[in-house]
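Labels below follow one simple rule: chain letters A, B, ... track the order of the sequence lines, proteins then strands, and each chain is numbered from 1.
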Amino acid sequence: MDAPLQIYNSLTRQKEVFTPLHAGHVGMYVCGPTVYNDVHLGNCRTFISFDVIYRYLTYLGYKVRYIRNITDVGHLLDDGEDRMSKGARLDNLEPMEVAQKYTNNFHDMMRTFNVLPPSIEPRATGHIPEQIEMVQQILDNGYAYIKNGSVYFDTVKFAEETKEYGKLSGRVIEELIAESRDNLKNQDEKNHPSDFAIWMKASDEHIMKWNSPWSVGFPGWHLECSAMSTKYLGKQFDIHGGGNDLKFPHHENEIAQNMGSCGCQPAKYWMHTNMLLMNGKKMSKSDGNTISPSELFTGDSPHVSKGYSPMVVRFFMLQSHYRSTNDLTDEALQAAEKGFKRLTEAFEALHKLHSPVTEGGAEDENISKIIHGVFEDMNDDFNTPKAIARLFELVPVINSVKDGKIPPESISQKMLEELKNAFHVIFFDILGLKTEESDADKGYVKGLMELIIRLRQQARANKDWATSDTIRDSLNALNIQIKDGKEGTEWSFK
RNA sequence: GGUCGGGUGGCCGAGUGGCUAGGCAGAGGUCUGCAAAACCUUGUACAGCGGUUCGAAUCCGCUUCCGACCUCCA
């Protein structure tokens with residue numbers, strides 16, 4: 001009955017009904033991080049977005065094979081030095097130590113954000129033979145040429161013969177001629193400025209290099225994804241994702257390589273996440289407009305007035321659509337923090353509700369509509385902000401029943417169960433959020449709080465306002481909020 | 001310069017040819033010993049100028065401003 005899942009396809013620039021290549025299965029490849037540095041928040045946004053997409057596809061019943069790679073070689077800097085090698089030189093480490101260190105850091109951060117691990121996380125250095133094989137196939141098919149031990153992809157020939165080059169990013173090859181800079185590494189070796197290396201001959205001082213039929217060298221940056229997606233998902237698979245900034249040249253070149261080796265377009269649906277901004281500008285490693293995840297958590301940054309918890313940050317990110325830019329500001333984070341708290345507290349309150357009627361509550365239909373609406377929103381290109389907005393509509397209903405503002409029979413037992421279940425599925429399983437109960441929540445702090453609240457109740461019963469207010473104010477100073485309600489007093493961390 | 005995407009109420013952020021997005025902040029009220037929390041009510045926004053239309057913030061054109069990519073970036 002519900003509308004089918006639709007996905008915005010960057011390749012066709014429109015929403016399309018999602019139909020997997022093989023019924024019941026989804027193959028999804030997402031470009032992972034280059035591990036030469038701590039992960040930054042922009043990366044996190046992309047992986048959080050795809051985490052929700054992965055979770056939702058799984059929820060829909062698809063068996064999803066989710067590949068997210070680790071790039072640990074081949075990513076050149078302007079001066080021609082490999083990112084990994086540079087990291088190694090600066091830290092005085094083996095390149096693989098650098099890769100491992102930052103891979104660990106990346107994994108820690110993904111766990112912190114409650115991002116599920118992918119099905120397979122292949123490394124570029126672990127797939128050198130596959131990449132060499134692909135270079136050979138491209139050469140065999142005539143879409144590459146060898147110059148001094150390096151191999152370059154022939155974009156001009158590819159573009160002329162297939163009309164495919166530039167399709168994803170909207171580029172025209174003639175324009176690329178004029179635009180390309182001429183100060184790139186080995187530019188003189190290329191036949192055309194838009195050609196790109198798929199195998200690079202290594203200089204003597206280059207640390208990371210492998211034997212190949214052409215030279216001792218290393219693979220080009222774009223090649224790994226082509227080779228690894230093919231290896232684990234086949235020549236054609238369902239979804240290929242990544243950040244918007246990878247569209248050109250990375251993804252465009254990936255398509256060229258896949259088509260150049262096997263003759264087919266690798267992915268049916270291309271999905272691109274938009275950039276995380278900070279104060280209106282792209283958050284970027286290279287220009288300093290950035291805040292690290294840990295700085296954001298601790299508040300140790302001039303860009304924020306305080307720290308924000310990982311789940312608040314995740315929630316904040318999901319409150320904008322993955323294809324829209326997301327502007328991170330202190331004010332917006334504060335709004336997200338309060339909203340997140342309101343939602344989680346309503347969810348907790350929901351579990352304490354009971355209904356005297358089995359079915360036919362006055363609010364039943366309304367609630368049912370909201371729940372269905374959430375899934376409709378998710379089916380519409382994973383519209384998490386809209387889905388979350390609907391979740392908020394449940395809050396006043398839940399709180400009103402809890403406070404006795406509307407009678408408990410407004411929601412039937414049946415609906416209550418359905419709602420608890422749905423809320424759980426949406427909030428935890430699909431959006432990947434979790435309530436942040438601290439250790440204190442379970443430990444003796446809880447017992448102490450019960451004691452304190454009981455003492456304060458006695459004081460209030462005796463109209464000893466001075467004592468009761470002192471307790472309240474002191475707790476408040478400790479960031480503990482006292483909430484006097486009809487059914488007694490509750491508390492929470494502020 | 002080329003390509004693309006945007007400008008929505010104080011802030012963030014959805015959406016749409018006619019029907020309340022939502023969150024935060026603000027205002028009024030209920031509740032309360034007083035508060036807080038919660039609940040109720042409330043603002044009637046869509047860059048500007050034209051055009052299409054019975055009707056446009058939503059479609060088209062122009063203007064303007066902003067951003068991304070074109071060079072390593074999720």
* **Donor on one side chain, acceptor on other, A/Asp72 and A/Tyr102, under 3.5 Å** => no
* Could you check how far NE2 of A/His321 sits from P of B/G22, rounded to whole Å? => 20 Å
* To do: Provide the distance between the two C1' atoms, one in B/A74 and one in B/U42, to the nearest whole Å.
  => 42 Å
* Would you indicate what A/Asp377 reaches in the nucleic acid, counting non-hydrogen atoms under 4.0 angstrom: base, sugar-phosphate, or nothing? => nothing
* **Lys/Arg-Asp/Glu bridge criterion (N-O < 4.0 Å) met for A/Arg456, A/Asp484** => yes
* Under a 3.5 Å limit for both distances, which nucleotide forms a Watson-Crick or G-U wobble pair with B/C19, could you say? => none
* OP1 or OP2 of B/A14 sitting under 4.0 Å from any side-chain N/O of A/Ser324? -> yes
* Mind calculating the distance between CG (A/Leu318) and P (B/A14) to the nearest angstrom? => 12 Å
* Asked: Taking any strand in view, what nucleotide pairs with B/A36 in a Watson-Crick or G-U wobble way, both distances under 3.5 Å?
  -> none
* Distance, rounded to the nearest Å, where A/His251 contributes NE2 and B/C4 contributes P -> 19 Å
Anything under 3.5 Å between a protein N or O and an N or O of nucleotides 23-25 of chain B, put it in a table, one pair a line.
from  : atom 1 : to       : atom 2 : distance (Å)
B/G23 : OP1    : A/Arg342 : NH2    : 3.2
B/G23 : O2'    : A/Ala335 : O      : 3.4
B/C24 : OP1    : A/Arg342 : NE     : 3.3
B/A25 : OP1    : A/Lys338 : NZ     : 3.0

* Do the side chain of A/Arg472 and the base of B/A36 come within less than 3.5 angstrom through a donor-acceptor pair of N or O atoms? -> no
* Asked: Base, sugar-phosphate, or nothing for A/Gly242, non-hydrogen atoms under 4.0 angstrom?
  -> sugar-phosphate
* Spacing between A/Tyr322 atom OH and B/G6 atom P, to the nearest angstrom -> 13 Å
* Relative to A/Tyr8, does A/Arg323 satisfy both conditions: NZ or CZ under 6.0 angstrom from the six-membered ring centre, and within 45 degrees of the ring's axis? -> yes
* **Of the listed nucleotides B/A74, B/G13, B/C34, the one nearest the side chain of A/Ser320** => B/G13
* To do: Could you pick out which residue, A/His250 or A/Asn399, lies toward the 5' side of RNA chain B when each is mapped onto its nearest nucleotide?
  => A/Asn399
* **Chi angles and distances behind the side chain to side chain donor-acceptor pair (under 3.5 Å) call for A/Thr71, A/Asn69** => CA-CA 6 Å; A/Thr71 296; A/Asn69 69 290; 3.0 Å; yes
* Return yes if the base of B/G33 and the side-chain atoms of A/Ser468 contain a donor-acceptor N/O pair under 3.5 Å, otherwise no. => yes
* Have a look at A/Val395 and say if it touches a base, only the backbone sugar-phosphate, or nothing, with a 4.0 Å heavy-atom cut-off. => sugar-phosphate
* Using atom CG of A/Leu328 as one end and atom P of B/G67 as the other, report the distance to the nearest whole Å. => 17 Å
* To do: Would you mind reading off the distance between A/Arg390 atom CZ and B/G22 atom C1', rounded to a whole angstrom?
  => 11 Å
* Rounding to the closest angstrom, what is the interatomic distance between B/U16 and B/A56 at atom C1'? -> 10 Å
* **Considering all heavy atoms, the nearest A/Phe428-A/Leu433 contact** => CD2-O, 3.3 Å
* Nearest to side-chain heavy atoms of A/Leu276, which nucleotide of B/G13, B/C34, B/A74 -> B/A74
* Asked: With a 3.5 Å cut-off and just heavy-atom distances, do the side chain of A/Asp484 and the base of B/A35 make a donor-acceptor pair?
  -> yes
* Asked: Tell me: CD1 of A/Ile482 to P of B/A38, nearest whole Å?
  -> 15 Å
* Tell me what A/Gly485 touches on the nucleic acid: a base, only sugar-phosphate, or nothing, going by heavy atoms under 4.0 Å. => nothing
* **G-U wobble or Watson-Crick pairing nucleotide for B/A47 (cut-off 3.5 Å, both distances)** => B/U63
* Asked: Out of B/A21, B/C70, B/A74, which has the shortest distance to the side chain of A/Ala389?
  -> B/A21
* **Polar pair under 3.5 Å, donor/acceptor by atom type, side chain A/Lys402, base B/A38** => no
* To do: Using atom CG of A/Leu168 as one end and atom P of B/A68 as the other, report the distance to the nearest whole Å.
  => 20 Å
* **NZ/NE/NH1/NH2 to OD/OE distance under 4.0 Å, A/Asp380 and A/Lys386** => no
* Asked: Which whole number of Å gives the distance between the C1' atom of B/U30 and that of B/U20?
  -> 23 Å
* To do: Please check if the distance between the ring centroids of A/Tyr54 and A/Phe47 is under 6.0 Å.
  => no
* To do: Over 60° means perpendicular and under 30° means parallel, so classify the ring planes of A/His240 and A/Tyr29, tilted if in between.
  => tilted
* At under 4.0 Å between heavy atoms, what does A/Asn326 touch on the DNA or RNA strands: base, sugar-phosphate, or nothing? -> sugar-phosphate
* **Under 3.5 Å donor-acceptor pair, A/Asn244 side-chain atoms to B/G5 base atoms** => no
* How far does the P atom of B/C46 sit from the matching atom of B/C19, given to the nearest Å? -> 15 Å
* With a centroid cutoff of 5.5 Å and a plane-angle limit of 30°, would you call A/Phe47 stacked on B/A74? -> no
* To do: Output the single nucleotide from B/G33, B/C69, B/A38 whose closest atom is nearest the side chain of A/Phe248.
  => B/C69
* Structure fact -> On RNA chain B, more 5' by nearest nucleotide between A/Leu277 and A/Asn383 is A/Asn383
* Which is it for A/Asp330 and A/Gln334 under the side chain to side chain donor-acceptor pair (under 3.5 Å) test, yes or no, and what are the steps along the way? -> CA-CA 6 Å; A/Asp330 192 51; A/Gln334 285 191 29; 3.3 Å; yes
* Rounded distance in Å between the P positions of B/C40 and B/G55 -> 38 Å
* To do: Ignoring the backbone of A/Lys483, work out which of B/C12, B/A74, B/A37 is nearest its side chain.
  => B/A37
* Determine the Euclidean distance between corresponding P atoms of B/U44 and B/G5; express it in Å to zero decimal places. => 34 Å
* Is there a Watson-Crick or G-U wobble partner for B/G1 with both distances under 3.5 Å, and if so, which one is it? -> B/C70
* Pairwise C1' distance, B/G67 and B/G61 [rounded to whole Å] -> 23 Å
* **Atom pair CD1/OH of A/Ile48 and A/Tyr322 - distance to nearest 0.5 Å** => 16.0 Å
